[in-house]
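These notes concern the structure reproduced below.
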There are 2 protein chains.
Amino acid sequence: MPRRDELPLDRGQVIDLLQAHGILPTQQRVEIAQVLFARPQHLSADQVLAAVNRERHLVSKATVYNTLGLFARKGLVREVIVDPSRVFYDPNTEDHHHFYNVDTGTLEDIDPGALALGPLPPPPPGTVTEGVDVVIRVRRAEGG
Amino acid sequence: MPRRDELPLDRGQVIDLLQAHGILPTQQRVEIAQVLFARPQHLSADQVLAAVNRERHLVSKATVYNTLGLFARKGLVREVIVDPSRVFYDPNTEDHHHFYNVDTGTLEDIDPGALALGPLPPPPPGTVTEGVDVVIRVRRAEGG
DNA sequence: GTCAGTGCAAACCCTTTGCAGAAAG
DNA sequence: CTTTCTGCAAAGGGTTTGCACTGAC
């Protein structure tokens, strides 16, 4: 199984990765995965759609949405919720957090060593913790 | 100016609060604010709409959305983004964080003393930190 | 009387869905 | 061949907008 922390992944590695997650590597899914795993980045569904079809029309809008949802359910990518108007997809599924620039609508990883998150409080009764998301909202500095 | 940490606020306190934030206290805005400041809670726009119009139709959908957006811009309430399908509005604007139950779609405050967040990392060049949101996603415990 | 706020309905935008045709094994 | 996937277009649902009416001061 390919190293997830060394992007980009070539076509063969992407196919291995899909299979390792129990996903049938169809042509469209491989195209989409290649876009996502081209580099560490945070793309919205719309950006993925545009990137996949940059040169010629390879994948429909419905398939992009369905596939991103599938990848997220299978743990291949992580959904990042910071903007009510769109979901971002992150190829990095390791525990890490984000800066969110509210002016540009872009995400940036926080260096994992730079944010100390103490022990988590116990979850409410009858529930178990599934994950933690930390978002530091930033904006353009005045007089920049 | 009313104490924001002692809910509920009565009608007069709500009016003072709106004025203190530079918001003209019209009848509809006061109705909406009273719902929000009735208790510490996290309501979606739709829930606010339903609550305001529980007994009789007092406020339209457009006005609820416009007013919640206004309140958020003026710093009267805080928007909580945890679910791509809707925004939650929190009357507590103090620094605090949330549990998000992915099964029920409900939010719960984290006791401020229970979560130690170390010093924040410096924001990316050219930006300044605006705020931090920590969301602990929880789900129903197995075999509950 | 003037300006801001409100209500309705239509418009918007991202996302999901239904179903017929195409591809994978 | 059978099952799953894909594509198109239409539906969906939360949110925003245009514009005439109402209300605040």
Side-chain angles (χ1 to χ4, degrees), chain A residues 11-12 14-16 18-19 21-36 42-53 56-74 76-77 79-89 102 105 107, chain B residues 11-12 14-16 18-19 21-36 42-53 56-74 76-77 79-89 105-107:
Chain A
R11 194 170 192 92
V14 163
I15 291 173
D16 291 349
L18 292 179
Q19 290 176 333
H21 285 259
I23 299 170
L24 190 63
T26 66
Q27 191 184 139
Q28 289 85 344
R29 289 172 178 175
V30 173
E31 293 295 335
I32 292 168
Q34 280 199 124
V35 165
L36 293 169
H42 310 88
L43 298 177
S44 66
D46 221 50
Q47 292 173 318
V48 171
L49 179 63
V52 167
N53 296 327
R56 58 216 164 77
H57 184 17
L58 296 171
V59 189
S60 73
K61 178 184 274 199
T63 296
V64 167
Y65 277 97
N66 290 338
T67 299
L68 290 172
L70 175 68
F71 285 3
R73 277 199 310 285
K74 295 288 190 175
L76 197 66
V77 299
E79 292 185 334
V80 184
I81 314 297
V82 287
D83 180 329
S85 73
R86 59 204 189 294
V87 176
F88 287 98
Y89 292 87
V102 299
L107 284 165
Chain B
R11 194 170 191 90
V14 162
I15 291 172
D16 291 349
L18 292 179
Q19 288 176 333
H21 286 258
I23 298 170
L24 191 62
T26 65
Q27 191 184 138
Q28 289 84 344
R29 288 171 178 176
V30 173
E31 294 294 338
I32 292 168
Q34 281 199 124
V35 165
L36 292 170
H42 310 89
L43 298 177
S44 66
D46 221 51
Q47 292 174 316
V48 171
L49 179 63
V52 167
N53 295 328
R56 56 216 164 77
H57 186 333
L58 296 171
V59 188
S60 72
K61 178 184 273 200
T63 295
V64 168
Y65 278 97
N66 290 338
T67 299
L68 290 173
L70 175 69
F71 285 2
R73 278 198 308 286
K74 295 288 191 176
L76 196 66
V77 299
E79 292 184 333
V80 184
I81 314 296
V82 287
D83 181 330
S85 73
R86 60 208 192 292
V87 175
F88 288 100
Y89 293 87
T106 54
L107 284 165

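Not measured: the values here are computed from a predicted model. Chain identifiers are assigned alphabetically (A, B, ...) following the order of the sequence lines, protein sequences preceding nucleic acid strands; residue numbering begins at 1 within each chain.
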For the residue pair [X] and [Y], what are the closest heavy atoms and their distance?
X	Y	value
B:Q19	B:P25	NE2-CG, 3.6 Å
A:A45	A:V64	O-CG1, 3.7 Å
A:G22	A:K74	O-NZ, 4.0 Å

Can you tell me how far [atom2] of [N] sits from [atom1] of [X], to the nearest Å?
X	N	atom1	atom2	result
A:I23	C:dA24	CD1	P	17 Å
B:E79	D:dT16	CD	P	8 Å
B:F71	C:dT6	CZ	P	9 Å
B:N53	C:dT6	CG	P	13 Å
B:Y65	D:dG14	OH	P	6 Å
A:L68	C:dT16	CG	C1'	13 Å
A:D46	C:dT15	CG	P	8 Å
B:L49	C:dT6	CG	P	14 Å

Would you tell me if any nitrogen or oxygen in the side chain of [X] comes within less than 4.0 Å of OP1 or OP2 on [N]?
X	N	value
A:R29	D:dT6	yes
A:H57	D:dT6	no
A:S44	C:dC14	no
B:Q28	C:dG7	yes

Check your understanding: Quick check: does any side chain N or O of A:R11 sit under 3.5 Å from a backbone N or O of A:V30, one acting as donor and the other as acceptor?
Key -> no
Revision key, fill the gap. By nearest-nucleotide position on DNA chain C, the 5'-leaning member of A:P25 and A:R86 is A:R86
Check your understanding: How many angstroms lie between atom CG of A:L18 and atom CZ of A:F71, to the nearest 0.5 angstrom?
Key -> 5.0 Å
Revision key, fill the gap. DNA chain D nearest-nucleotide lookup for B:N66 and B:Q19: closer to the 5′ end is B:N66
Check your understanding: Closer to the 5' end of DNA chain D via nearest nucleotide, is it B:A62 or B:L24?
Key -> B:A62
Review point. Where the side chain of B:T26 is concerned, which of D:dT6, C:dG7, C:dG5 is the nearest nucleotide?
Key: C:dG5
**Study point:** Residue A:S60, side-chain heavy atoms: nucleotide from D:dG7, D:dT6, C:dT6 that is nearest
**Key:** D:dG7
Point to revise | Sugar-phosphate, base or nothing in reach of A:L58, heavy atoms under 4.0 Å | key: sugar-phosphate
